[in-house]
Amino acid sequence: MSISISNDITEIKIIIIGKSDSGKTSYVNRWIKNTFSEARRSTIVSEFSSKIYNYKNKLYKINFWDIAGQDHFPYLIKAFCKDAKGCITLSNILLPSTLDDAKEWKETLDKNQTFPDGSLIPNILIQNKVDLIKKENNNDNNNDEMIEEFAKKNKFDAWFKTSAKTGENVNESMDKMLELIINKLNYFNTNYFIEHKNTLSLKTDQGSEIDKIRKNTQNNCC
């Protein structure tokens, strides 16, 4: 699995999906730059940004692809999800309809990007803009059970209420995202090839099966 770059830094591609009013760009900017802007600006097609992340004394370069959120853009996932190791799916906590959009986007993603064993890439559901609910002194705790059920039903690995404006749970949700991805990559760097050693030991005229699977993994996953 070819995922490392120079200076022992591992690259990880994460795509950010969701409707244009869910605050995707603000969420990314809060995590990368610890900044927030009130100015509203929709992503046209996609935006790229990156940050070096230290996890257990190992460096990772996190590459974000923020995909535009207009109605017809779920189809862009097919083009931009290649090589993605994880996904952050944002919804607007004030607009319940954005959960339906999140479900649609995730279904599209799951059809187009998996790991070599067919398992889904980690995906976390974000209910963003929770600061607006608190500002209005609304109690949204009763919504938690519904979101929990929605996340499990649609195979999200976790979910968080966040505020890109205040920073609430932004770092926590990203830590969870990267923990899921790194654990998955570590599995493929070790256990996957060990578990398939019987198949991988077979020889063909083109070389060993292990060489073929490693090549396929490099091309299709990382």
Side-chain angles (χ1 to χ4, degrees), residues 1-5 9-20 22-32 43-53 55 58-70 72-91 98 101-126 128 151 154-160 162 170-171 173-189 192 213-222:
M1 180 172 291
S2 177
I3 59 174
S4 294
I5 59 175
I9 299 179
T10 300
E11 280 192 284
I12 293 177
K13 177 180 177 180
I14 297 177
I15 61 173
I16 311 294
I17 60 178
K19 294 286 286 187
S20 57
S22 60
K24 302 190 309 298
T25 301
S26 295
Y27 175 89
V28 172
N29 285 339
R30 171 60 72 182
W31 189 73
I32 290 182
T43 302
I44 303 302
V45 178
S46 70
E47 292 184 352
F48 173 84
S49 53
S50 64
K51 178 180 178 178
I52 301 299
Y53 179 79
Y55 181 78
K58 182 175 176 60
L59 295 179
Y60 297 84
K61 183 182 179 185
I62 313 303
N63 297 322
F64 288 98
W65 288 87
D66 176 2
I67 301 176
Q70 285 82 351
H72 61 285
F73 277 118
Y75 300 103
L76 285 176
I77 293 180
K78 297 179 182 180
F80 286 102
C81 73
K82 187 178 185 298
D83 298 327
K85 308 302 184 296
C87 176
I88 298 286
T89 303
L90 269 78
S91 59
T98 60
D101 298 314
K103 176 183 177 181
E104 178 184 352
W105 282 64
K106 187 177 186 301
E107 289 174 348
T108 303
L109 173 67
D110 291 347
K111 293 177 183 178
N112 287 277
Q113 181 65 9
T114 61
F115 282 101
D117 63 348
S119 61
L120 302 178
I121 66 174
N123 196 322
I124 287 181
L125 174 67
I126 298 296
N128 196 31
N154 292 285
K155 300 180 180 179
F156 287 96
D157 295 276
W159 72 276
F160 291 83
T162 68
V170 171
N171 288 340
S173 58
M174 276 304 307
D175 285 345
K176 182 62 177 179
M177 175 87 272
L178 293 167
E179 176 188 351
L180 290 167
I181 294 173
I182 292 168
N183 287 342
K184 191 75 172 181
L185 294 181
N186 287 340
Y187 164 75
F188 277 105
N189 281 331
Y192 181 74
I213 291 183
R214 284 187 185 278
K215 181 178 180 181
N216 181 64
T217 302
Q218 292 172 350
N219 291 337
N220 297 323
C221 176
C222 303

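Listed by chain and number, the residues in a ring pair (Phe, Tyr, Trp, His ring centres under 6.0 Å) with Y27 amount to none (sequence neighbours excluded). Partners of D157 under the salt bridge (Lys or Arg N to Asp or Glu O under 4.0 Å) rule, at least two apart in sequence or in another chain, do not exist in this structure. Under the side-chain hydrogen bond (donor to acceptor under 3.5 Å, both in side chains) criterion, D175 pairs with Y53, not counting sequence neighbours. With sequence neighbours left out, the side-chain hydrogen bond (donor to acceptor under 3.5 Å, both in side chains) criterion links S22 to no other residue. Remark: N154 engages no residue in a side-chain hydrogen bond (donor to acceptor under 3.5 Å, both in side chains) (not counting sequence neighbours). Considering only residues two or more places apart in sequence or on other chains, T98 meets the side-chain hydrogen bond (donor to acceptor under 3.5 Å, both in side chains) condition with none of them.
Minimum heavy-atom separation, A102 to F156: O-CZ, 4.2 Å. Taking all atoms of both residues into account, the shortest heavy-atom contact from S119 to D117 is OG-OD1, 2.7 Å. Closest non-hydrogen pair, S50 versus N63, comes out as CB-OD1, 3.3 Å. When every heavy atom of T162 is checked against every heavy atom of S173, the shortest pair comes out as CG2-OG, 4.1 Å. Considering every non-hydrogen atom in both K24 and K19, the closest pair reads NZ-O, 3.7 Å. Among all heavy-atom pairs drawn from S49 and V28, the shortest one is OG-CG1, 3.4 Å.
Using modelled atom types, no side-chain atom of T89 and backbone atom of I126 make a donor-acceptor pair closer than 3.5 Å. Although no hydrogens or angles enter the test, the distance criterion places no donor-acceptor pair under 3.5 Å between the side chain of K85 and the main chain of E11.
A heavy-atom distance below 4.5 Å is found between the side chains of I15 and K13. The shortest distance between side-chain heavy atoms of M174 and I14 falls below 4.5 Å. Annotation: side chain of F64 is in contact with side chain of I32 (closest heavy-atom distance under 4.5 Å). With contacts defined as side-chain heavy-atom distances shorter than 4.5 Å, the pair I182/T10 does not qualify. Here the side chains of L120 and K106 are in contact, with some heavy-atom distance below 4.5 Å. A heavy-atom distance below 4.5 Å is found between the side chains of N171 and W31.
Dense packing is recorded around NZ of K51, with more than 12 heavy atoms of other residues, nucleotides or ligands lying under 6.0 Å away. Atom NZ of K103 has 12 or fewer heavy atoms from other residues, nucleotides or ligands within 6.0 Å.
From I124, atom CD1 reaches atom CG of L90 across 11.0 Å, with rounding to the nearest 0.5 Å. Atom CG of residue N123 and atom CD1 of residue I88 lie 7.5 Å apart, to the nearest 0.5 angstrom. Atom CZ of F80 is separated from atom CG of D66 by 10.5 Å, given to the nearest 0.5 angstrom. Separating the CE atom in M177 from the CZ atom in F160 is a distance of 10.0 Å, to the nearest 0.5 Å.
If you run side chain to side chain contact (heavy atoms under 4.5 Å, CB included) between C81 and each of I17, T108, L109, only L109 comes through.
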